[in-house]
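Encoded as structure tokens, the structure appears first; notes follow it.
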Amino acid sequence: MHAELQLDNQICFRLYTASRLITQAYTPMLTELGITYPQYLVLMVLWEKDCQPVNDIARRLVLETNTVTPLLQRMEKQGLVTRKKGEQDKRQQIVSLTDKGRDMEEQAYKLIPAGMGETLKACPLRMEDYTHLASELDSIVGALKK
């Protein structure tokens, strides 16, 4: 057997498993907010900077616009965002938070950081370890996006 093909030697498996389990840990908190993890990601992008084109949101999330558009349609039905045509470019869709979407930031802030901190308290990593890990993962994402 080739060592390179053993599951225990795969960084991709660890990343996949960690991602899946972290998303799973978010689920009870996001269910309380009435949103999914992908919707939470969109909201975080809009909380950082409201009124963005769909293309910019997709680029920030490293997703295709045809993945983000149905997500935004569902969020619009939930009253979290609105979509309108761009003023300069009518082909562009500009996404904006509603009052409900803006208010959800405070609710998320009260629930999620503390909830995830509690979930990860058994992990021996310190805050600076997470910061370093984020930087390392950014390097991997950057290399793979090319």
Side-chain angles (χ1 to χ4, degrees), residues 1-84 86 92-146:
M1 165 154 230
H2 300 283
E4 297 86 357
L5 299 179
Q6 291 178 350
L7 189 60
D8 287 343
N9 294 336
Q10 303 303 306
I11 188 71
C12 60
F13 177 69
R14 287 175 178 83
L15 290 170
Y16 166 76
T17 303
S19 174
R20 190 177 51 75
L21 292 172
I22 287 170
T23 302
Q24 191 176 66
Y26 272 90
T27 299
M29 295 169 278
L30 296 175
T31 299
E32 191 170 329
L33 294 173
I35 58 174
T36 64
Y37 186 73
Q39 290 173 327
Y40 177 58
L41 297 177
V42 169
L43 286 169
M44 285 194 292
V45 169
L46 291 170
W47 292 333
E48 287 178 22
K49 181 179 180 268
D50 200 0
C51 304
Q52 293 191 53
V54 173
N55 291 344
D56 290 0
I57 294 169
R59 195 172 8 265
R60 181 81 165 94
L61 295 176
V62 194
L63 294 171
E64 298 296 325
T65 55
N66 62 359
T67 301
V68 173
T69 298
L71 185 59
L72 293 169
Q73 290 169 338
R74 288 190 299 277
M75 293 175 76
E76 191 170 34
K77 286 179 184 164
Q78 288 176 271
L80 298 171
V81 300
T82 60
R83 294 177 304 145
K84 65 178 183 181
Q92 204 173 47
Q93 286 264 310
I94 306 298
V95 182
S96 303
L97 290 165
T98 62
D99 289 341
K100 181 179 177 181
R102 262 190 244 34
D103 292 345
M104 195 172 280
E105 181 179 9
E106 194 58 34
Q107 296 171 299
Y109 177 71
K110 290 176 183 174
L111 272 176
I112 295 172
M116 287 307 292
E118 184 65 24
T119 299
L120 293 172
K121 74 179 182 185
C123 182
L125 295 178
R126 300 168 311 216
M127 188 49 92
E128 57 267 19
D129 296 328
Y130 286 109
T131 302
H132 181 72
L133 179 59
S135 175
E136 297 295 330
L137 291 172
D138 286 344
S139 295
I140 292 171
V141 168
L144 293 173
K145 277 175 35 177
K146 291 181 180 178

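From a predicted model like this one, the values you see are computed outputs, not experimental measurements.
- Residue Asn66 holds its CG atom at 12.0 Å from CG of Leu71, rounded to the nearest 0.5 Å.
- Between Tyr40 and Trp47, the ring planes are perpendicular. Angles over 60° get that label, and only those under 30° would be called parallel.
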In residues 112-128, what donor-acceptor pairs under 3.5 Å come from side-chain atoms, sequence neighbours left out?
unit_1: Glu118; atom_1: OE2; unit_2: Lys121; atom_2: NZ; d: 2.6
unit_1: Thr119; atom_1: OG1; unit_2: Gly115; atom_2: O; d: 2.9
unit_1: Arg126; atom_1: NE; unit_2: Glu128; atom_2: OE2; d: 3.0
unit_1: Arg126; atom_1: NH2; unit_2: Asp129; atom_2: OD1; d: 3.2

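- Closest approach of Ala25 and Pro28 over heavy atoms only: O-CD, 3.3 Å.
- Qualifying side chain to side chain contact (heavy atoms under 4.5 Å, CB included) partners for Glu4, counting only residues two or more places apart in sequence or in other chains: His2.
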Without placing hydrogens or testing angles, list every side-chain donor-acceptor pair under 3.5 Å for residues 99-111, not counting sequence neighbours.
unit_1: Lys100; atom_1: NZ; unit_2: Gln78; atom_2: O; d: 2.9
unit_1: Arg102; atom_1: NH1; unit_2: Leu97; atom_2: O; d: 3.0
unit_1: Arg102; atom_1: NH1; unit_2: Thr98; atom_2: O; d: 2.8

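- Atom OH of residue Tyr37 and atom CD of residue Gln24 lie 13.0 Å apart, to the nearest 0.5 angstrom.
- Applying the side-chain hydrogen bond (donor to acceptor under 3.5 Å, both in side chains) test to Asp56 and every residue at least two apart in sequence or in another chain returns Arg59.
- Side chain of Gln52 to backbone of Val45: a donor-acceptor contact under 3.5 angstrom is found.
- In this structure, CG in Leu33 is found 12.0 Å from OH in Tyr26, a value given to the nearest 0.5 Å.
- Residues passing the side chain to side chain contact (heavy atoms under 4.5 Å, CB included) test with Glu48 are Arg60, sequence neighbours excluded.
- Looking at every heavy atom in both residues, Ile35 comes nearest to Gln39 through CA-OE1, 3.2 Å.
- In this structure, the separation between OG1 on Thr69 and CG on Asn55 is 8.5 Å, given to the nearest 0.5 Å.
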Could you list the donor-acceptor pairs under 3.5 angstrom formed by side chains in residues 14-21, with sequence neighbours left out?
unit_1: Arg14; atom_1: NH1; unit_2: Asp8; atom_2: O; d: 2.9
unit_1: Arg14; atom_1: NH1; unit_2: Gln10; atom_2: O; d: 3.1
unit_1: Arg14; atom_1: NH2; unit_2: Asp8; atom_2: O; d: 2.7
unit_1: Thr17; atom_1: OG1; unit_2: Phe13; atom_2: O; d: 2.8

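- Once rounded to the nearest 0.5 Å, the distance linking CG of Leu46 with CG of Leu80 reads 10.0 Å.
- A donor-acceptor pair under 3.5 Å is formed between the side chain of Ser139 and the backbone N or O of Ser135.
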